[in-house]
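This report concerns only the one structure given below.
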Amino acid sequence: MTTTTVKTAFLKGLADGAPFILVIIPFASLFGLIATEAGLSVLESLVFSLVVIAGAAQFTALQLLQEEAPTVIVLTSALAVNLRMAMYSASLTPYIGSAPLWQRAFAAYLTVDQSYVVAISEFEKNPQMTVPQRVAYFFGAVTPVAPLWYIFTVVGALVGTQVPDSWALDFAIPITFLAMIAPMFRTLPHVLAAFVAVVVSLLASGVPYSMGVIIGGLAGMLAGAALEKRLAQKGAGND
Amino acid sequence: MIDKTTLWIVIIGLGVGSFLLRFAFTGFVGDRQMPAWLLRHLRYTAVAVLPALVAPQVLWPSATGGEPDPARLAAAAAALAVGLITKNVLGAMMAGGVTLYGMLYLLG
């Protein structure tokens with residue numbers, strides 16, 4: 001029964017994305033709070049989150065808007081922060097590229113760090129998943145994330161209570177991403193890719209527009225792919 | 001005060017731009033076969049981009065003004081180690097969280 005397995009996949013995605021609830025609530029609230037402090041209305045804050053749905057890029061844009069940077073600079077910087085989404089899109093394409101266009105459009109809108117990392121690790125682990133199952137899983141994984149992003153933007157904008165720095169909420173995102181990535185280090189090329197990405201990203205951290213992340217990411221991908229090819233050739237040579 | 005026209009240009013521009021970045025491949029490439037060399041590189045997207053994103057936040061957290069922080073370093077190490085050993089995402093998150101708050105309490 002396809003419908004059953006699709007439903008199961010959605011529910012599994014939902015369960016796997018659920019831990020992010022703990023991360024999204026404080027960060028969405030924080031965005032709502034900062035947005036209203038910057039002079040945005042509650043409605044404007046909500047529309048910002050609805051239309052853009054990308055935490056880091058929204059914070060970047062808001063900060064530059066407050067500094068009265070030229071509009072072109074605001075857009076360029078915030079889009080540069082989001083450039084990794086194109087890399088996520090490319091990485092997801094082999095898995096969901098044959099889904100109907102409207103589903104791909106929704107999936108594109110909902111491609112964020114959290115949904116991407118949950119989905120891609122599942123797709124890699126279970127290559128036998130059908131395309132409808134993958135799409136259902138993806139939408140399941142983003143269900144605990146996107147609605148809460150909108151809702152708590154509004155809550156933050158309305159309530160506006162300052163979250164104390166001592167809560168160290170800034171670190172919820174690094175911890176959740178590290179926890180998600182760690183089980184993905186299955187082969188030596190994966191480990192090398194991450195290592196090179198980290199080193200290059202740190203070296204390039206001074207590059208403007210958050211491009212250090214992209215440069216580091218590309219360097220890691222090149223390193224992982226190069227080692228994979230080398231190992232495959234060596235393996236073939238030994239046969 | 002943020003100019004309202006500028007704000008709406010940014011919101012709409014950022015919305016359209018972000019969607020296009022996310023739609024670039026899933027939407028426009030779709031089910032067309034991508035070359036093997038490209039797929040080989042894309043296999044490493046997650047394990048390269050996310051660590052590249054996280055590394056500066058771990059080493060130079062903005063919350064401490066960019067100064068390396070023992071509590072955050074230990075929390076990152078704990079999340080990574082538990083994730084590597086147990087392959088359990090929730091366990092790794094909790095290890096990171098407990099370490100962070102434990103260290104902040106001890107050092108604070």
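So you know, we letter chains A, B, ... as the sequences are listed, proteins then strands, and number each from 1.
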Distance (rounded to the nearest 0.5 Å) between [X] [atom1] and [Y] [atom2]:
X: B:L100; Y: A:I175; atom1: CG; atom2: CD1; result: 5.0 Å
X: A:R84; Y: B:L53; atom1: CZ; atom2: CG; result: 5.0 Å
X: A:M87; Y: B:Y44; atom1: CE; atom2: OH; result: 15.0 Å

Taking all atoms of both residues into account, what is the closest heavy-atom pair of [X] and [Y], and its distance?
X: A:L40; Y: B:K4; answer: CA-NZ, 4.1 Å
X: A:A197; Y: B:A52; answer: O-CB, 3.9 Å
X: B:G13; Y: A:L75; answer: C-CD2, 3.7 Å

Which region of [X], side chain (C-beta onward) or backbone (N, CA, C, O), has a non-hydrogen atom less than 4.5 Å from a non-hydrogen atom of chain B, or is it both or neither?
X: A:S91; value: both
X: A:L83; value: both
X: A:E124; value: side chain
X: A:A38; value: both
X: A:L110; value: neither
X: A:Q66; value: both
X: A:Y116; value: side chain
X: A:I53; value: both
X: A:I120; value: side chain

[X] [atom1]: over 12 foreign heavy atoms closer than 6.0 Å:
X: B:Y101; atom1: OH; answer: yes
X: B:Q33; atom1: CD; answer: no
X: A:R230; atom1: CZ; answer: no
X: A:F106; atom1: CZ; answer: no

Answer whether the closest heavy-atom distance between the side chains of B:L14 and A:V51 falls below 4.5 Å.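 With C-beta onward as the side chain, the pair stays apart.
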Close side-chain approach of A:I181 and B:P51, heavy atoms under 4.5 Å: yes
Report yes or no: does B:R22 contribute a side-chain atom to a donor-acceptor pair with the main-chain N or O of A:M85 at less than 3.5 Å?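 No; judged by distance alone, with no hydrogens or angles, the pair does not exist.
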Would A:S89 and B:T26 count as a side chain to side chain donor-acceptor pair (under 3.5 Å) if you check the C-alpha gap in whole Å, the side-chain angles of each, and the deciding distance to 0.1 Å? CA-CA 6 Å; A:S89 175; B:T26 37; 3.3 Å; yes
Between B:W60 and A:L202, is a side chain to side chain contact (heavy atoms under 4.5 Å, CB included) present by the stated rule, with each step listed? CA-CA 10 Å; B:W60 305 307; A:L202 291 176; 3.5 Å; yes
Most contact-rich option vs chain B, by heavy-atom pairs under 4.5 angstrom, among A:D16, A:L192, A:V74, A:T111, is A:T111
